[in-house]
Each structure stands twice: as C-alpha cells, then as structure tokens.
Protein chains: 2
Amino acid sequence: MFSVSARTQYGIRALAYLARKPGWEAVGAEIAEAEDISPKYLEGILTRLAAAGLVRSERGKNGGYRLARAPDGVVMADVVAALDGEVRPVDCVDSLGICGHDTSCSSRKFWIGLKTAIDEYLGNRTLADIIENGADPGSAN
Amino acid sequence: MFSVSARTQYGIRALAYLARKPGWEAVGAEIAEAEDISPKYLEGILTRLAAAGLVRSERGKNGGYRLARAPDGVVMADVVAALDGEVRPVDCVDSLGICGHDTSCSSRKFWIGLKTAIDEYLGNRTLADIIENGADPGSAN
DNA sequence: TCTTTTTCCTATCGGTATAGTAGGATTATA
DNA sequence: TATAATCCTACTATACCGATAGGAAAAAGA
Ligand code: FES
Ligand code: FES
C-alpha cells in the first residue's frame, strides 16, 4: 500500500547525487553509473525533472544536468509531483460526486485529510534534509 | 500518486453502509446494490474484511455480514491494511540496504517518516469519523 | 564543416497488478 | 430437500510500469 514507484525513488537518488557534487552538476551517464540505474530509463526521469524546473539541462558537449536551486530549496513535494503527479488518493479530491449517494460525501473528507497529511510531510522536507543524515526537520515531529 | 485502489474505496463504503444500518448488519447483495458495486467483486472484499476480523460473516440462510465492533472501534489503518496491505512506501522499510551505497541510508529515513505520518493519520481515524460528517477528530489537526 | 558528446523524442516489449466475471462448493435455515 | 447466503478457484481484459531501442536535435571543438 502506498508504495512509491521506482521512477520517484530513482529521481530522488539522482537529485541527491547531484546535490552532493560540487557545483551540483553531472552528466546523465555518470549519475546512472554511480547510482546503478538503467541509463536510458534515467534519461526520461531527468527530462521530467528538467521540465518541472527542478534541474537545468544543457545539451551538447560539456552539457549535463545541474540543480536549479540549492538543495534546501528543492521541496520534496515538487519532486514527487514532477515524477508521479500530484498526491491524489481518490479521483474526487477536486471533482465531487463521483462515488456516491451522499451529496456531502463523508469519505471524501477522509481522503482529502490524508492527502493534506502527506502533502504537509512532503512540503516540509527538502533535498537538503535527505542528503544530510536524516529526514527530520524540527517541525511536525 | 498515492492513489487508493478501488478495492479499498469499495471496502470503506461497504463498512460505512454497515455502520449506518441498525444492527450493523446486511447481506452482501444488499450492500452491492446500495453502494453500486459489482456484487461478485464485493464478495472478495467482504471476505478479506472478515478474515481480518473487521466483520463477522454468517453463511447460509439469514446469513450476512455484521460489523465485528462498534464503528468507533474500527480503525482505518486496519481497514486499509486488510484490503491493500501495510503502508510501505519502499521495500526497505524493514530490510535495510537494498538501494544503495550509503550504509546508513539517508532516503530511507525519509520514507519511513512518510510511512509514520500516514500510519498516524490512519491510526487516529475510525469508521465513526467517516460516517458522522467529516474526518477530523480533535487530534493532530 | 565535420565529429563528438550530450540531451531529447517516440515507439515498443514483457511483466505484473487490478478490476471484474464465471461457476460452482460449502454452510445454514426452514 | 429447497433456498439463500458466504466462500473458493480460476479466468480475462486492461492498464501501468520498468526497461530497451533507435535515432533526432543541439552545442562544442577540431
Ligand atoms: S464523492 Fe468521492 S468519495 Fe464520495
Ligand atoms: S536502503 Fe532503501 S532507500 Fe536506501
């Protein structure tokens, strides 16, 4: 339940690798080799991250990927949203009324509450929290 | 991301239907019809809930399903665990060392933190919270 | 201009899980 | 024995996912 796709796990490892490097930059093949990820598959992941503005990509010789912001500015909620989309436990988080006989659907609030809890967690962690030593910023224990 | 299976959504709706009925009991076909769920598919769901001890099932004539406990004793964490398994963002929540070069893996703590946040939310809500009017017990806002 | 290095794009494939269906076996009541 | 219900096993169809393949576009340097 609630398992995270390999795509997102790979993406986070790739970002963490970049964040640990001086200049926060590297070439795709290097990341793939260091993190033991299928190079071709990682390409698509990095492209997604670039499209979301989390990394800058430069083509051609001397090209590669570079973190768009400092690690403590890369919010994990944005990372997972870029790779696997927004947190959406059920389809009716925005559009009400799909599942049901209740006009003010009761379980809908339950799922929205879960979404909020997850978004809050992911919104309060950054890449910096991950590469340091743990993932526990003072907030929210 | 983090979408909930139809199985779990159906299961919760079925439990909510039972909780709203006097005696907390109904027959499978009745639930399926009222909640507009495929009857055959719902059978398997109710069997799982019965195996997890969340509902009692009685076979034969005058049989059916009944809530095993009062709605405020049915913890949502148990419900989703019965239907879709434990919350496990990554495989290495227990077994360390699958993904990585780090001995004290950094991203692992991140995922465990997420699991904890989700478990906390689900562990603090019961079926009663769902059938009332919202899903916001005083705790944890 | 030509070659090299890199990111980008599109299409495809095999595996796996999910939602749903089908048919019957079991159990209990009357 | 007939009926009404849960239980069990197997099957199908679809969709997504991880991965692969082959190249197209772009930037730099010789
Ligand atoms: S309208 Fe979506 S859960 Fe009810
Ligand atoms: S050991 Fe699993 S995330 Fe590193």
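Numbered from 1 within each chain, the chains take letters A, B, ... in sequence-line order. Fair warning: this is a prediction, and the values are worked out from it, not measured in the lab. Both backbone and side-chain heavy atoms feed into the values below; hydrogens, waters and symmetry mates do not.
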- A:Ala82 and A:Leu49 have their tightest heavy-atom pair at CB-CD2, 4.4 Å
- Base, sugar-phosphate, or nothing: which does A:Gly28 touch, judged by heavy atoms less than 4.0 Å apart? sugar-phosphate
- Query: Under 3.5 Å, side chain of A:Tyr121 to main-chain N/O of B:Leu114, donor-acceptor pair present?
  - Reply: yes
- State which of C:dT7, D:dC17, D:dA19 makes the closest approach to the side chain of A:Ser38. D:dA19
- Message: Under 4.0 Å from OP1 or OP2 of D:dA19: is there any side-chain N or O of A:Tyr10 that close?
- Response: yes
- Message: With a 4.0 Å cutoff (strictly under), does any side-chain N or O of B:Asn62 reach OP1 or OP2 of C:dA30?
- Response: yes
- Taking atom P of C:dT7 as reference, at what distance in whole Å does atom CG of A:Leu49 sit? 13 Å
- Query: A:Arg66 has an atom CZ; how far is it from atom P of C:dT7, in whole Å?
  - Reply: 13 Å
- What nucleotide, of C:dT7, D:dA4, D:dA5, holds the atom closest to the side chain of A:Glu43? C:dT7
- Item | side-chain contact (heavy atoms from CB on, under 4.5 Å) between B:Leu15 and B:Leu67, intermediate numbers included | CA-CA 8 Å; B:Leu15 288 174; B:Leu67 240 50; 3.9 Å; yes
- Residue whose nearest DNA chain D nucleotide is more 5′ - B:Glu58 or A:Glu58: B:Glu58
- Task: Calculate the interatomic distance between A:Phe2 atom CZ and C:dA17 atom C1'; express it in whole Å.
- Result: 17 Å
- Message: Quick check for you: among D:dG29, C:dC9, D:dT6, whose closest atom lies nearest to any side-chain atom of B:Val27?
- Response: D:dT6
- Establish whether the base of C:dT27 is bridged to the side chain of B:Arg59 by a donor-acceptor pair shorter than 3.5 Å. no
- Message: Distance check needed: D:dG18 P versus A:Ile37 CD1, whole Å only.
- Response: 12 Å
- Just how far, in rounded Å, is P of C:dA17 from CE of A:Met1? 15 Å
- Task: Classify the side chain of A:Lys40 and the base of D:dG18 as holding, or not holding, a donor-acceptor pair under 3.5 Å.
- Result: no
- Task: Look at the side chain of A:Ser57 and decide which nucleotide, out of D:dC8, D:dG18, C:dC8, has an atom nearest to it.
- Result: C:dC8
- Query: How close do A:Ala19 and A:Leu127 get, heavy atom to heavy atom, and via which atoms?
  - Reply: CB-CD2, 3.9 Å
- How long is the line joining OH of B:Tyr41 and P of D:dT9, in whole Å? 18 Å
- Sugar-phosphate only, base, or nothing, as touched by A:Gly64 at under 4.0 Å among non-hydrogen atoms: sugar-phosphate
- Please report, rounded to the nearest Å, how far the P atom of D:dC16 is from the CG atom of A:Leu83. 17 Å
- Message: Checking the side chain of B:Arg7 only, and the main-chain atoms of B:Leu83 only, is there a donor and an acceptor separated by less than 3.5 Å?
- Response: yes
- Task: Whole angstrom is fine here: how far is it from CZ in B:Arg48 over to P in C:dG20?
- Result: 14 Å
- Closest listed nucleotide, where the reference is the side chain of A:Ala6 and the choices are D:dG18, D:dC7, C:dA30: D:dG18
